[in-house]
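Notes follow the structure.
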There are 4 protein chains.
Amino acid sequence: MEKDSKSQIIEVALELFGEHSMNDVSLNQVIKASGLSKGAVYHHFPSKKELIKECVISFWEKMTTEVINAPIENMPLKNVLAFLQLKSAEIIEEGKQKNDNIFELYIAMLFYVRKEPELIPIPKKYFNAFKDKLIGCIKNDQERGVLKKDIPAETSALLILTAAEGHGLYTISCVLNNPQQELEDLLNQIYNSIAI
Amino acid sequence: MEKDSKSQIIEVALELFGEHSMNDVSLNQVIKASGLSKGAVYHHFPSKKELIKECVISFWEKMTTEVINAPIENMPLKNVLAFLQLKSAEIIEEGKQKNDNIFELYIAMLFYVRKEPELIPIPKKYFNAFKDKLIGCIKNDQERGVLKKDIPAETSALLILTAAEGHGLYTISCVLNNPQQELEDLLNQIYNSIAI
Amino acid sequence: MEKDSKSQIIEVALELFGEHSMNDVSLNQVIKASGLSKGAVYHHFPSKKELIKECVISFWEKMTTEVINAPIENMPLKNVLAFLQLKSAEIIEEGKQKNDNIFELYIAMLFYVRKEPELIPIPKKYFNAFKDKLIGCIKNDQERGVLKKDIPAETSALLILTAAEGHGLYTISCVLNNPQQELEDLLNQIYNSIAI
Amino acid sequence: MEKDSKSQIIEVALELFGEHSMNDVSLNQVIKASGLSKGAVYHHFPSKKELIKECVISFWEKMTTEVINAPIENMPLKNVLAFLQLKSAEIIEEGKQKNDNIFELYIAMLFYVRKEPELIPIPKKYFNAFKDKLIGCIKNDQERGVLKKDIPAETSALLILTAAEGHGLYTISCVLNNPQQELEDLLNQIYNSIAI
DNA sequence: TATGAATGAGCCTTCATTCAT
DNA sequence: TATGAATGAAGGCTCATTCAT
């Protein structure tokens with residue numbers, strides 16, 4: 001079955017991309033790890049570039065689904081932020097234990113898109129899905145009278161996202177002293193600034 | 001003079017690293033661009049890795065000096081934020097016109113350090129210098145009664161930095177619709193939340 | 001068929017190793033001489049080291065078969081020694097005419113094994129096959145009453161081998177005046193000392 | 001003083017040649033180990049080839065002096081053979097403990113001369129000195145009625161030398177089971193065959 | 001669909017050597 | 001005498017890719 005081999009290759013490649021940098025993973029490694037033959041891989045993907053492209057697409061699709069399925073809907077923002085902290089802690093911990101680093105791959109995936117402009121919509125979809133979910137929660141809380149109504153939900157959501165993103169970057173570059181505490185402080189300050 | 005050739009090579013390499021990704025620049029390219037011979041480069045740097053290391057160091061030193069010399073001291077925070085927006089716009093514009101992208105290199109430099117833990121202090125110094133400057137401005141404004149005194153300057157500074165960082169990341173990954181406007185919104189919201 | 005290319009490469013390499021010293025033969029030379037491409041050679045051998053290893057194995061296997069097939073069985077020792085002299089003369093002559101030198105390669109092969117201890121059994125097999133053949137002849141002659149029975153065949157065989165070996169070494173280092181005469185003298189003296 | 005630097009370089013080079021194979025030692029290594037500068041070495045030796053040449057000469061001169069000074073004169077052959085065994089054991093032991101291998105270097109030195117025929121007389125001198133010493137001892141013993149007079153001392157000496165040489169070769173190629181015992185057996189058999 | 005042998009450009013690195021100072 | 005910057009050929013090796021089977 002074509003489908004099987006193909007998606008298996010993508011999966012294996014993504015795994016390797018998580019362990020090393022995308023640039024440092026050769027097709028040979030993917031081939032060896034996939035257990036298939038050179039010809040088989042080239043049968044499914046005309047070139048390495050194409051394989052990577054499909055990996056990027058697959059990656060963002062997974063991320064998007066994950067966000068869409070995140071049990072955030074109708075949560076008070078307070079809880080959402082706690083959820084974010086938890087996720088962050090998880091990723092950091094995982095990065096320490098395993099050899100891979102999801103966040104690093106995530107950044108690489110974000111960057112990759114620049115070279116293939118037709119792919120831009122894909123991470124954008126993820127980003128917007130994320131932002132929209134946040135906006136939804138914020139608006140809910142505004143309705144419930146928990147958050148100030150005169151601060152645009154859009155900007156608040158963006159602030160949460162960018163701050164978390166920047167914090168992640170600083171974290172994996174080992175520039176922060178106590179990443180988890182600092183993330184908590186950041187999100188708290190944001191929350192307090194928009195809470196009634 | 002050794003100094004000349006060596007620093008020239010670093011300079012040329014950094015330039016190339018700005019145009020393509022650090023990983024994609026071969027020593028041959030550096031050599032060709034430097035106008036020197038293969039042997040000459042290897043005379044100054046025992047390996048490509050070492051050359052990159054010195055480039056990373058040089059990069060962060062430049063960045064740190066730039067921050068330290070930034071005419072931010074004693075500025076009201078309002079102006080500092082305007083200054084940040086200006087800088088951001090500049091970088092974005094430059095990235096569009098030239099082939100290089102300072103921000104992408106900046107991220108790569110941040111990441112590189114993970115593989116060479118002894119280098120971590122170097123970007124950390126830059127980061128702290130930046131944060132300290134911001135904290136200074138915020139405390140000044142607090143003294144002057146422009147900013148709320150009950151919000152810790154430290155966290156506010158970190159919020160500005162992470163939000164700007166995250167915004168940069170989102171910008172170069174083409175995920176935002178109107179980056180400059182959105183940065184303005186973000187910084188405004190932050191400012192308003194801490195202003196009296 | 002894999003076999004063809006692979007063994008062809010080994011053959012070509014062994015030829016070159018005979019002409020120059022193993023160390024002085026570059027993979028490029030092997031590649032050029034084999035008529036294949038760089039990639040093809042690396043497809044069959046993961047590294048130069050591995051190629052050399054397989055050459056060493058192939059060399060000793062050939063040598064061993066040659067010894068095992070040598071028409072020495074049941075010959076009187078006298079004739080065997082004459083046979084040895086002939087072989088020696090042949091090798092010396094060949095070395096003078098062609099560019100290669102079997103004996104030099106032989107020594108190199110003997111030495112190589114030190115760096116790859118798992119290969120030691122291979123030349124050892126050759127050596128023992130040779131010694132056993134000699135021992136067989138000596139014992140035969142002892143039975144026939146041609147050679148003294150109180151001198152251990154084992155040591156006599158070893159004496160013949162080591163003396164021939166040492167003589168070979170001195171010959172190719174041009175230290176002897178009349179190698180063939182001297183070899184005859186040596187073997188004669190050994191023979192006489194154990195003959196009745 | 002030119003003499004000092006020059007002979008120091010040779011000494012250092014010979015040391016390295018003992019540790020690695022002559023081919024594998026680069027001038028850079030010699031330069032680094034000598035503590036001198038590139039230019040300095042090239043001031044003394046026009047090329048690597050010339051340096052090696054002088055090392056070869058120096059090596060054989062040392063060896064020759066050593067033989068000439070060996071306290072063998074007037075010794076009964078019996079003792080000389082015991083002395084040889086001792087020396088052999090020493091070299092083997094040293095090779096096991098240190099990283100270097102005198103015997104391997106010795107062979108390389110013997111071979112080297114083939115490429116530079118004008119050097120042939122140098123190891124030849126060593127070889128002849130050794131042989132002559134042995135001949136002297138044998139003749140002494142013949143006079144004293146310990147050794148048979150009808151066996152030419154020349155051939156006996158050569159037999160001892162070649163057997164020892166061959167034994168050495170077999171020893172360092174790990175082909176023998178009990179090198180020291182076997183050397184003793186060999187020399188004993190030779191001795192007995194010429195003793196009265 | 002799948003195999004794996006073959007290709008050749010290009011990568012990082014080492015080396016002997018030259019030469020201005 | 002001595003320094004060390006510079007040269008460029010060559011070495012071992014990797015890689016994406018092609019293609020006959």
Side-chain angles (χ1 to χ4, degrees), chain A residues 1-6 23-32 34-52, chain B residues 1-6 9 23-31 34-52, chain C residues 1-6 8-9 23-32 34-52, chain D residues 1-2 4-6 23-31 34-52:
Chain A
M1 264 148 289
E2 155 146 0
K3 191 64 188 303
D4 280 355
S5 285
K6 203 171 174 181
N23 251 316
D24 294 347
V25 175
S26 75
L27 257 192
N28 279 344
Q29 283 172 271
V30 175
I31 285 160
K32 194 176 282 176
S34 74
L36 292 172
S37 74
K38 211 157 243 188
V41 171
Y42 269 93
H43 177 75
H44 291 294
F45 305 95
S47 69
K48 188 188 181 185
K49 205 173 157 184
E50 215 56 36
L51 165 60
I52 291 184
Chain B
M1 256 146 292
E2 151 145 4
K3 192 64 187 304
D4 280 356
S5 284
K6 201 172 176 181
I9 293 168
N23 252 318
D24 295 346
V25 175
S26 75
L27 255 194
N28 280 344
Q29 284 172 274
V30 176
I31 284 156
S34 75
L36 289 170
S37 72
K38 206 158 257 196
V41 170
Y42 271 93
H43 176 71
H44 292 293
F45 304 93
S47 68
K48 188 189 181 184
K49 205 174 155 184
E50 215 56 35
L51 166 58
I52 291 184
Chain C
M1 256 148 295
E2 153 147 3
K3 193 65 189 304
D4 280 357
S5 282
K6 201 171 175 181
Q8 184 202 343
I9 294 168
N23 251 318
D24 295 345
V25 175
S26 76
L27 256 194
N28 280 343
Q29 282 172 275
V30 175
I31 284 159
K32 197 175 279 178
S34 74
L36 289 171
S37 72
K38 202 160 264 193
V41 170
Y42 272 94
H43 177 70
H44 292 292
F45 305 94
S47 68
K48 189 189 180 184
K49 205 175 157 185
E50 215 57 33
L51 166 60
I52 291 183
Chain D
M1 262 150 290
E2 154 145 3
D4 279 357
S5 285
K6 202 170 175 181
N23 252 318
D24 295 346
V25 175
S26 75
L27 257 193
N28 278 344
Q29 283 173 272
V30 175
I31 285 160
S34 74
L36 291 172
S37 73
K38 210 156 244 189
V41 170
Y42 269 92
H43 177 76
H44 290 296
F45 305 95
S47 69
K48 188 188 181 185
K49 205 173 156 183
E50 216 56 36
L51 166 60
I52 291 185

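Note that these values count all heavy atoms, side chains included, but never hydrogens, waters or copies made by symmetry.
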Handout entry: Atom-to-atom span, CD1 of A:I31 to P of F:dT17 - whole angstrom
Key = 10 Å
Exercise for the section: Give a yes/no answer on whether the side chain of A:S5 brings an N or O atom under 4.0 Å of OP1 or OP2 in E:dT1. Expected result: no
Handout entry: Nearest-Å distance for atom pair NZ/P, residues C:K32 and F:dG11
Key = 9 Å
Practice task
Measure from NE2 on A:H43 to C1' on F:dT17 and round the result to the nearest Å.
Solution key: 16 Å
Fill in the blank from the handout: Ranking F:dA6, E:dC11, F:dG11 by distance to the side chain of B:A40, first place goes to F:dA6
Exercise for the section: Using both distances under 3.5 Å as the test, list the Watson-Crick or G-U wobble partner of E:dC15, or none. Expected result: F:dG8
Fill in the blank from the handout: Across every strand shown, the nucleotide meeting Watson-Crick or G-U wobble geometry with F:dT21 (both distances under 3.5 Å) is E:dA2
Practice task
May I ask you to evaluate whether C:N28 reaches the phosphate of F:dA10, defined as a side-chain N or O under 4.0 Å from OP1 or OP2?
Solution key: no
Completion exercise
Note: D:K6 and D:F45 closest approach over all heavy atoms is CG-CZ, 3.6 Å
Practice task
Report the distance from atom CG of D:L36 to atom OH of D:Y42, rounding to the nearest 0.5 Å.
Solution key: 14.0 Å
Problem - Any N/O donor-acceptor pair, B:K38 side-chain to E:dT13 base, under 3.5 Å - result: yes
Handout entry: 5' precedence on DNA chain E between A:G39 and D:S47 (nearest-nucleotide basis)
Key = A:G39
Fill in the blank from the handout: The answer to which of B:S37 and A:K48 contacts DNA chain F further toward the 5' end, by nearest nucleotide, is B:S37
Handout entry: Proximity to the side chain of B:Y42 - top-ranked nucleotide from F:dT18, F:dC13, E:dT13
Key = E:dT13
Fill in the blank from the handout: Rounded to whole Å, CG of A:L27 lies from P of F:dT17 at a distance of 7 Å
Exercise for the section: May I have the distance from C:E50 (atom CD) to F:dT14 (atom P), rounded to whole angstrom? Expected result: 12 Å
Fill in the blank from the handout: To the nearest angstrom, the CG-C1' distance between B:D24 and E:dC11 comes to 13 Å
Problem - Euclidean distance for C1', F:dT21 against E:dT1 (whole angstrom) - result: 13 Å
Fill in the blank from the handout: In whole angstroms, the gap separating P of F:dG12 from CG of D:N23 amounts to 12 Å
Practice task
Round to the nearest Å and state the distance from D:F45 atom CZ to E:dA16 atom P.
Solution key: 14 Å
Problem - Contact summary for C:I9 and C:H44, nearest pair of heavy atoms - result: CD1-CD2, 4.0 Å
Exercise for the section: Considering just the side-chain nitrogens and oxygens of C:H44, establish if one lies under 4.0 Å of OP1 or OP2 belonging to E:dG4. Expected result: no
Exercise for the section: Grab the two heavy atoms, one from A:V25 and one from A:K48, that are nearest each other, plus how far apart they are. Expected result: O-NZ, 2.9 Å
Practice task
Check whether any side-chain nitrogen or oxygen of C:S26 sits under 4.0 Å from OP1 or OP2 of F:dG11, and answer yes or no.
Solution key: yes
Problem - D:Q29 side-chain N/O to D:S26 backbone N/O, donor-acceptor pair under 3.5 Å - result: yes
